[in-house]
Trainee: 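After the structure tokens below, expect a handful of questions from me.
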Amino acid sequence: MPPKKRTGGSRNELSTSAGQDNLSGNESAEDFDNDVKGKRKKPATETSAKQKGTSEKDASGKTVYCHWLMKSEPESRIQNGVDVKFGIEDLKALPNQTGCWDGVRNYQARNFMRDMKVEQQAFFYHSNCKEPGIAGIMKIVKEAYVDHTQFDKKDPHYDPSSKPGNPKWIMVDVQFERKTKRYIPLSELKKYHLRHKAKGGPLKNMALFTRSRLSVQPLTEEEFNFVLSLEGKGRI
DNA sequence: GCCAACGTTGGC
DNA sequence: GCCAACGTTGGC
């Protein structure tokens, strides 16, 4: 998903509180069906404790994540007459180095975004480009609120099936934290993934490979820390 | 630009 | 609720 950010942060307070009810309250049937099937009956008590610590299970047994990877396209591509380019430098250039991660139109990705909490970290991943890979780290500065672009006919991610009274799509605000000390290419991560899959290791189940098309993905703390540790090493 | 993988849609 | 057709993602 190539979200196209606009301005910095939260001047969308209207939709925020209005939308919030819709989003947490009445999830329409269709919303949740596309979630990881099988599990998730609807947690009686949503996440309360474990928020900031390691990724673990909540009361209902659902895994709680606190590290993320979000994909965006750093190279120009025209979609519906609009350039969807948005790389890490574009985020950094916004006021307060903050932007809204709009344009996510996949239920699983959306549901992960809904789980995001303020202060959590996410890798900024460059997709659909010369050399795909992790470019930096950002943090969540505003939790899920209505993605207004779904109602905008001019927007490349306009969704005519979504109605203002019951919005389908949400976004979060993210703030640039830093670029990684070096660019960490997908090709390198893949080598580790294959190695770890064969012999064991932190990246053996990394979503980047096991669910490669997901534009918003969770990482376990082990995955996150391992990837971070690569910053200081040479490429393999 | 190709195309594999996979998500979505809609007929039945 | 199945599944074929279709659309999209994103690496290569």
Side-chain angles (χ1 to χ4, degrees), chain A residues 1-5 23 27-41 68-91 101-115 122-136 138 147 149-163 166-172 174 180 182-198 203-219 223 227 230 235-236:
Chain A
M1 188 95 358
K4 155 193 49 74
K5 250 83 304 106
L23 293 166
E27 13 258 0
S28 53
E30 90 196 306
D31 289 358
F32 274 132
D33 295 343
N34 300 53
D35 218 328
V36 197
K37 6 194 154 213
K39 354 193 126 141
R40 189 148 322 171
K41 250 299 60 131
W68 312 95
L69 180 149
M70 303 169 86
K71 299 180 183 176
S72 186
E73 304 184 34
E75 294 173 5
S76 284
R77 188 171 63 83
I78 307 303
Q79 196 178 350
N80 290 0
V82 180
D83 192 351
V84 296
K85 168 188 188 304
F86 189 80
I88 193 160
E89 292 296 341
D90 299 301
L91 175 62
W101 206 266
D102 61 6
V104 171
R105 297 293 182 268
N106 168 281
Y107 291 110
Q108 288 183 187
R110 180 202 64 181
N111 292 346
F112 284 129
M113 280 208 299
R114 183 163 37 205
D115 290 338
F123 287 128
F124 195 124
Y125 178 89
H126 282 174
S127 67
N128 219 354
C129 57
K130 208 69 55 66
E131 186 174 44
I134 290 172
M138 49 197 173
D147 178 348
T149 66
Q150 65 198 297
F151 308 120
D152 179 0
K153 291 193 172 67
K154 296 284 164 52
D155 192 276
H157 305 289
Y158 171 60
D159 181 358
S161 75
S162 181
K163 299 290 170 260
N166 187 16
K168 280 189 183 174
W169 308 110
I170 53 107
M171 58 191 181
V172 297
V174 295
T180 43
R182 66 181 177 91
Y183 190 76
I184 304 174
L186 175 66
S187 58
E188 179 178 344
L189 294 169
K190 189 169 199 166
K191 287 175 193 162
Y192 284 108
H193 167 65
L194 292 173
R195 180 187 294 180
H196 292 179
K197 205 157 54 118
L203 300 196
K204 64 174 182 297
N205 295 319
M206 193 182 189
L208 194 55
F209 306 102
T210 59
R211 306 163 76 181
S212 62
R213 291 181 47 193
L214 251 195
S215 67
V216 176
Q217 322 185 336
L219 283 83
E223 289 165 343
V227 172
L230 297 178
R235 292 201 189 190
I236 60 168

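A, B, ... follow the sequence lines: proteins, then strands. Residue 1 opens every chain. What's counted below: heavy atoms across the whole structure, side chains too, no hydrogens, waters or symmetry copies.
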Trainee: Starting the side chain at C-beta, find the nucleotide from dG10(C), dT8(C), dC12(C) nearest to Leu186(A).
Mentor: dC12(C)
Trainee: Would you kindly compare Ser161(A) and Thr210(A) by the position of their nearest DNA chain B nucleotide and give the one closer to the 5′ end?
Mentor: Thr210(A)
Trainee: Hey, are the side chains of Arg182(A) and Glu188(A) touching, using non-hydrogen atoms and a 4.5 Å cut-off?
Mentor: yes
Trainee: Let me know the distance between CD1 of Ile134(A) and C1' of dG11(C), rounded to the nearest Å.
Mentor: 15 Å
Trainee: To the nearest angstrom, how far is Gln79(A) atom CD from dG7(C) atom C1'?
Mentor: 12 Å
Trainee: Any side-chain donor-acceptor pair under 3.5 Å between Asp83(A) and Ser76(A)?
Mentor: yes
Trainee: Specify the separation, in whole Å, of atom CD of Glu188(A) and atom P of dC12(C).
Mentor: 14 Å
Trainee: Look at the side-chain N and O atoms of Lys71(A) and state whether any lies under 4.0 Å from the OP1 or OP2 oxygen of dT9(C).
Mentor: no
Trainee: What's the spacing between His126(A) NE2 and Ile184(A) CD1 if we round to 0.5 Å?
Mentor: 12.5 Å
Trainee: In whole angstroms, how far is the C1' atom of dC12(C) from the NZ atom of Lys130(A)?
Mentor: 13 Å
Trainee: Round to a whole Å and report the spacing from CG of Asn106(A) to P of dT9(C).
Mentor: 9 Å
Trainee: Base, sugar-phosphate, or nothing: which does Lys190(A) touch, judged by heavy atoms less than 4.0 Å apart?
Mentor: sugar-phosphate
Trainee: Looking only at the side chain of Arg213(A) (C-beta and beyond, no hydrogens), which of the listed nucleotides dG11(C), dG7(C), dT8(B) gets closest?
Mentor: dG7(C)
Trainee: State which of dG11(C), dG10(C), dT8(B) makes the closest approach to the side chain of Ser215(A).
Mentor: dG10(C)
Trainee: Using heavy-atom distances to pick each residue's nearest nucleotide on DNA chain B, tell me which of Asn128(A) and Ser212(A) is more 5'.
Mentor: Asn128(A)
Trainee: Under 4.0 angstrom, heavy atoms only, what part of the nucleic acid is Tyr125(A) near: base, sugar-phosphate, or nothing?
Mentor: sugar-phosphate
Trainee: Can you name the side-chain hydrogen bond (donor to acceptor under 3.5 Å, both in side chains) partners of Glu89(A), sequence neighbours left out?
Mentor: Lys179(A)
